[in-house]
*Asks:* 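Quick one: structure below, then a few questions.
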There are 2 protein chains.
Amino acid sequence: MSPSSQPFAHMLTRKLETVLTLSDRERAAIGALPAQSLNLKRNHDIVREGDRPGRCCVIVDGIACWFKLGGTGSRQILSFHIPGDIPDLQSLHLDVLDSSLMTVSPCQVVFIPHEPLRQLCNEFPRLNHVFWRWSLVDAAIFREWVMNLGGRPGESRIAHLLCEMFVRLQHVGLAEDDSCHIPMTQSELADATGLSAVHTNRVLQSLRAAKLITLAGSRLTVTDWAGLQEVGDFDPTYLHLGKNGTSGKPN
Amino acid sequence: MSPSSQPFAHMLTRKLETVLTLSDRERAAIGALPAQSLNLKRNHDIVREGDRPGRCCVIVDGIACWFKLGGTGSRQILSFHIPGDIPDLQSLHLDVLDSSLMTVSPCQVVFIPHEPLRQLCNEFPRLNHVFWRWSLVDAAIFREWVMNLGGRPGESRIAHLLCEMFVRLQHVGLAEDDSCHIPMTQSELADATGLSAVHTNRVLQSLRAAKLITLAGSRLTVTDWAGLQEVGDFDPTYLHLGKNGTSGKPN
DNA sequence: CGAGTACTTGACACGTTTCAACATCCGTGG
DNA sequence: CCACGGATGTTGAAACGTGTCAAGTACTCG
């Protein structure tokens, strides 16, 4: 439908081929998906709680997050999404959105209408399985966040979140040996971990003092992976990345 | 495979028919699913983190929960499951379990091997959609729990959890006008809300003192639904129960 | 250069945890 | 049937983690 589908189709096929080998027909069907590309500034809503979207969005570049607003005005971030993710795959089968999706950094997103996606799933059961699987991995991440928020002290929560982001970014080739670009503000890290911004700041300083990380600007460098993993009680199994990703270890 | 499939197939078709009208072929295929029934005492593991199960389980009677154990020995409960639920639908597409499932009360569970389930999904796209949808509703509940644990004070967390359980039980016909059977101990409520058992006890007393609930033995009576919903910041949208369930209000 | 945003620091208040003791309930075996 | 023992629920007091408020510093971008 638009030439902008090119980069997105390439990204999608590449991600699919980490799981299976696409047939020519499958590859062609994906390339033929109608798509609309959009460049968004940071702090921009993509879809909102209560919406009934008729399309899914693929994050091509940048980082986005799901969030909910509480009755008292507080914002809870539910998950982060990185390039290659389809955050709102759920909207294929759940009519109304129960949370809102916004950009955390400047983002390029691509929208694909539901109907062709559903047809793709019906025609190619293997793709249907993979999409379903992706939504299940999202659920697994939510489970781990429940664990993180309910079962760990502040320092562990932040450490765990940093571990998760690092491993996920590394898995899609967006991390160097021991560092990656993390555009979240401390206030956003706070909303994701259920801590106050002030306390998040102190926890970060404590992690720096323990020589586990450096975090300047939006560059995270993990100087002691084993230590960070230990403090964060982090085990990457829940990310379901497969054999090599299972270790989740840099280098 | 066993006569024990009868009650489970009935329960499953009934739940499916709240969403769509089954064809005779679909109904027959479900009735033909092999099934193995099991009666378990309370506090019994059904599947464990790290397992690679070859079957899914349906809760026919009783309540079960997902949980994870933290590095420091703490247990975090991730969700509760009630009769009609298929808690580990995820295992259809994720090989290794990232958390453990145990009974909270005495339970009857039925196991269905993965292969016939996958065949069912491939042969009947509508059933595939519904199963996928159920796993998405589970994910939506996890999201709300992230909100609950990260964004609300203790009293709200407990109130919210009680609201959720009441509405879900009511939706499957397991609640009276304003009361239902909730077999969780205070210690389990604590592990689900990220509070200590002692504080959970105090919060419950506070809810009782505010005349919102009575909770004796395992009988929960909601004496002020609007008030409980208010305290718990509860909006049932995330349960995706559909039109009548949307209100989630007991008569 | 200025203004807004992000980050940092200190002091104090409050929610929640922890520990310890005790009360109550309930199934089990004598 | 009762007595017992363990799990569950309840209460008090003190310690601790984290939140809140307030002020100030360091960025960044136009």
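Naming: A, B, ... by sequence-line order, numbering from 1 per chain.
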*Asks:* Just N and O in the side chain of A/Q186: are any of them under 4.0 Å from OP1 or OP2 of C/dT8?
*Replies:*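 The answer is yes; a side-chain N or O of A/Q186 sits under 4.0 Å from OP1 or OP2.
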*Asks:* Of the non-hydrogen atoms in B/Q76 and B/A192, which two are nearest, and what is the gap between them?
*Replies:* NE2-O, 3.4 Å
*Asks:* Round to a whole Å and report the spacing from CE of B/M184 to C1' of D/dA7.
*Replies:* 18 Å
*Asks:* Give a yes/no on whether any side-chain N or O of A/N201 is located under 4.0 angstrom from OP1 or OP2 of C/dT8.
*Replies:* yes
*Asks:* Are A/Q205 and C/dT9 close enough that a side-chain N or O sits under 4.0 Å from OP1 or OP2?
*Replies:* yes
*Asks:* Whole Å only: how far is the CG atom of A/L149 from the P atom of D/dG17?
*Replies:*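 Value for this atom pair: 19 Å.
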*Asks:* Considering every strand and a 4.0 Å limit on heavy-atom distances, what is the contact class for B/R157: base, sugar-phosphate, or nothing?
*Replies:*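 No contact at all - B/R157 keeps every heavy atom at 4.0 Å or more from the nucleic acid.
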*Asks:* So what does B/L195 touch, heavy atoms closer than 4.0 Å: a base, only the sugar-phosphate, or nothing?
*Replies:*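 Counting heavy atoms under 4.0 Å across all strands, the contact made by B/L195 is with sugar-phosphate only.
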*Asks:* Just by distance, no angles: are the side chains of A/H181 and A/S218 close enough, under 3.5 Å, to form a donor-acceptor pair?
*Replies:*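 Checked: A/H181/A/S218 side chains pair up, N/O donor to acceptor below 3.5 Å.
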*Asks:* Regarding C/dG10, can its base be found pairing with the side chain of A/R202 as donor and acceptor, where the two atoms are less than 3.5 Å apart?
*Replies:*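 Result: at least one qualifying N/O pair found.
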*Asks:* Check the side chains of B/Q108 and B/S37 for a donor-acceptor pair under 3.5 angstrom, ignoring hydrogens and angles.
*Replies:* yes
*Asks:* Round to the nearest Å and state the distance from A/H199 atom NE2 to D/dT20 atom P.
*Replies:*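 Those two atoms, NE2 and P, are 12 Å apart.
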*Asks:* Between A/H81 and A/F67, is the ring centre distance below 6.0 Å?
*Replies:*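 Aromatic pair excluded; centres sit 6.0 Å or further apart.
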*Asks:* Specify the separation, in whole Å, of atom CG of B/L215 and atom P of D/dT8.
*Replies:* 15 Å
*Asks:* Give A/T185 one of three labels, base, sugar-phosphate or nothing, depending on what nucleic acid heavy atoms sit under 4.0 Å from its own.
*Replies:*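 Sugar-phosphate, backbone atoms only, no base.
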*Asks:* Between C/dC7 atom P and A/D191 atom CG, what is the distance in whole Å?
*Replies:* 12 Å
*Asks:* Can you figure out which of D/dT18, D/dA7, C/dT8 approaches the side chain of A/R208 most closely?
*Replies:*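 Between D/dT18, D/dA7, C/dT8, the one nearest the side chain of A/R208 would be C/dT8.
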*Asks:* Under 4.5 Å between any side-chain heavy atoms of B/V109 and B/V58, yes or no?
*Replies:*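 Answer no - side chains too far apart.
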*Asks:* Within the pair B/R152 and C/dG15, is there a side-chain N or O less than 4.0 Å away from OP1 or OP2?
*Replies:* no
*Asks:* Send over the distance from B/I158 CD1 to D/dG9 P, rounded to a whole Å.
*Replies:* 12 Å
